[in-house]
2 protein chains.
Amino acid sequence: MYDQLKLDNQLCFRLYTAARLVMQAYYPYFEPLGITYPQYLVLLVLWEKDGRLVNDIAHLLHLETNTVTPLLQRMEKQGLVTRKRGKEDTRQRIVSLTPQGKALEERAKEIPNCLLQKLSDKMDDINCLMASMPALDQVIEGLARQTK
Amino acid sequence: MYDQLKLDNQLCFRLYTAARLVMQAYYPYFEPLGITYPQYLVLLVLWEKDGRLVNDIAHLLHLETNTVTPLLQRMEKQGLVTRKRGKEDTRQRIVSLTPQGKALEERAKEIPNCLLQKLSDKMDDINCLMASMPALDQVIEGLARQTK
DNA sequence: TACTTTTGTATCGTGAACGATATAAATAAA
DNA sequence: TTTATTTATATCGTTCACGATACAAAAGTA
């Protein structure tokens with residue numbers, strides 16, 4: 001058994017597991033809003049700046065457009081966004097929030113705090129991870145560069 | 001726009017993105033072996049100890065059995081594992097490595113180092129994250145507790 | 001202008017991930 | 001011993017995630 005192949009030694013396994021479990025922790029709050037975690041991410045970027053192109057959203061989230069397109073189609077069907085064709089460039093899709101989509105911001109704003117409260121006994125560890133966010137960003141940037 | 005709803009402030013988005021990008025970084029190495037990242041995780045736990053039950057694997061990976069069962073079925077079809085019924089308890093499935101599954105360990109052992117080399121210019125950040133692994137484990141434990 | 005390439009999005013197929021549900025075997029209770 | 005409950009897997013339906021591919025519009029080239 002090679003040490004580098006032990007689950008206990010693998011950073012990636014932690015990231016993979018932590019990401020999934022945090023998403024699961026979000027779901028009790030998403031359910032009343034009728035959204036999923038990736039849909040929440042799309043809403044986050046649209047709440048920051050409305051009327052974006054599919055490609056912009058995909059880049060911001062480090063996703064492929066063939067992931068984002070069906071995601072947006074589902075969100076359109078649910079009445080959260082509209083997908084209008086671009087005026088000058090008719091290939092483009094301009095994704096905009098509907099009133100319902102906008103209204104969710106108010107209802108979502110407390111969710112991050114709720115999650116933190118759930119983990120109030122792990123506050124030291126959370127702070128440690130918060131402090132590592134720049135390092136995470138660097139690694140993400142390094143990995144994103146590879147695939148270019 | 002609420003600060004806590006900015007993508008830039010969200011730890012979870014980093015975890016989600018980093019986990020996906022690390023998986024993508026693995027794929028060039030997985031492709032010659034014909035496996036996926038979740039299949040690699042199953043192999044990791046079987047290389048550590050062969051002949052496990054579906055439930056044990058699921059618990060170790062923090063996955064549901066309804067995720068693991070189809071995963072193992074695909075791995076069986078590819079000839080990486082066998083799934084034999086338990087002798088005493090016939091509901092159980094004893095998952096064991098085939099010779100091919102065992103043989104992959106030798107070929108996989110250098111993969112983690114290869115990944116590290118790819119990120120050699122981000123070594124400081126990697127070390128920072130390695131140092132945060134106990135914090136990540138604590139948060140994972142905290143979140144896993146919630147869903148029980 | 002006609003042709004080629006690039007760009008923006010969409011479709012398709014496959015493998016996760018998970019909630020809900022099913023099923024059969026093992027265990028506990030009546 | 002019958003009945004009820006728990007346990008170990010499995011099946012189904014939906015949503016991601018992504019490689020491969022398609023396609024039409026836009027931009028560049030001959």
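Please read these numbers as outputs of a predicted model, since none were measured by experiment. Chain identifiers are assigned alphabetically (A, B, ...) following the order of the sequence lines, protein sequences preceding nucleic acid strands; residue numbering begins at 1 within each chain.
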B:Y27 near the nucleic acid: base, sugar-phosphate alone, or nothing, with a heavy-atom cut-off under 4.0 Å? nothing
Between the two end axes of the helix from C:dT1-D:dA30 to C:dA30-D:dT1, each built from 5 base pairs, what angle do you get to the nearest 10°? 0°
Using side-chain contact (heavy atoms from CB on, under 4.5 Å), reason through A:L61 and A:I57 one step at a time and then give a plain yes or no. CA-CA 6 Å; A:L61 302 184; A:I57 298 173; 4.0 Å; yes
Yes or no on side-chain contact (heavy atoms from CB on, under 4.5 Å) for A:L136 and B:L15, after CA distance, side-chain angles and deciding distance? CA-CA 8 Å; A:L136 260 177; B:L15 295 174; 4.2 Å; yes
What is the distance from atom OG1 of B:T90 to atom NZ of B:K84, rounded to the nearest 0.5 Å? 16.0 Å
Considering residues at least two apart in sequence or located in another chain, which fulfil the side-chain contact (heavy atoms from CB on, under 4.5 Å) criterion with B:R20? A:H62, A:L63, B:Y16, B:T17, B:Q24
Start and end of chain B contact along DNA chain C [non-hydrogen atoms, under 4.0 Å]: C:dG15 to C:dA26
If you compare all heavy atoms of B:E141 against all heavy atoms of A:K122, which two are closest, and at what distance to 0.1 Å? OE2-NZ, 3.6 Å
Are A:I94 and A:R83 close enough that some pair of their side-chain heavy atoms sits under 4.5 Å apart? no
Have a look at B:N66 and say if it touches a base, only the backbone sugar-phosphate, or nothing, with a 4.0 Å heavy-atom cut-off. base
Taking DNA chain C as the partner, which of residues 83-98 of chain A come within under 4.0 angstrom of it by heavy atom? A:R83, A:R91, A:Q92, A:R93
Does the side-chain contact (heavy atoms from CB on, under 4.5 Å) test come out yes or no for B:R52 and B:L60, once each step is laid out? CA-CA 11 Å; B:R52 293 186 189 266; B:L60 285 169; 3.4 Å; yes
Closest approach of B:Q10 and B:R14, non-hydrogen atoms and distance? O-NH1, 3.3 Å
Carboxylate-amine/guanidinium contact A:E105 A:K102, below 4.0 Å: no
Of all the heavy-atom pairs spanning B:I35 and B:F30, show the shortest one and how long it is. O-CB, 3.2 Å
Between A:Y26 and A:Y29, ring centroids under 6.0 Å: no
A:Q138 side chain to A:M133 main-chain N or O, any donor-acceptor pair under 3.5 Å? no
Do B:L71 and B:R74 have side chains that approach each other closer than 4.5 Å (heavy atoms only, starting at C-beta)? yes
Within the side chain of A:W47, is there an N or O that forms a donor-acceptor pair under 3.5 Å with the backbone of A:V42? no
If you assign B:L71 and A:L53 each to the DNA chain C nucleotide with the nearest heavy atom, which residue ends up on the more 5' nucleotide? A:L53
Go through the steps to decide whether B:M23 and B:Y40 satisfy the test side-chain contact (heavy atoms from CB on, under 4.5 Å), and finish with yes or no. CA-CA 10 Å; B:M23 273 194 259; B:Y40 171 69; over 6 Å; no
On DNA chain D, which is the earliest and which the latest nucleotide, 5' to 3', with an atom closer than 4.0 Å to a heavy atom of chain A? D:dT15 to D:dA26
Expected output is a numbered-order residue list: members of residues 29-50 of chain B with a heavy atom under 4.0 Å from any atom of DNA chain C. What is it? B:T36, B:P38, B:Q39
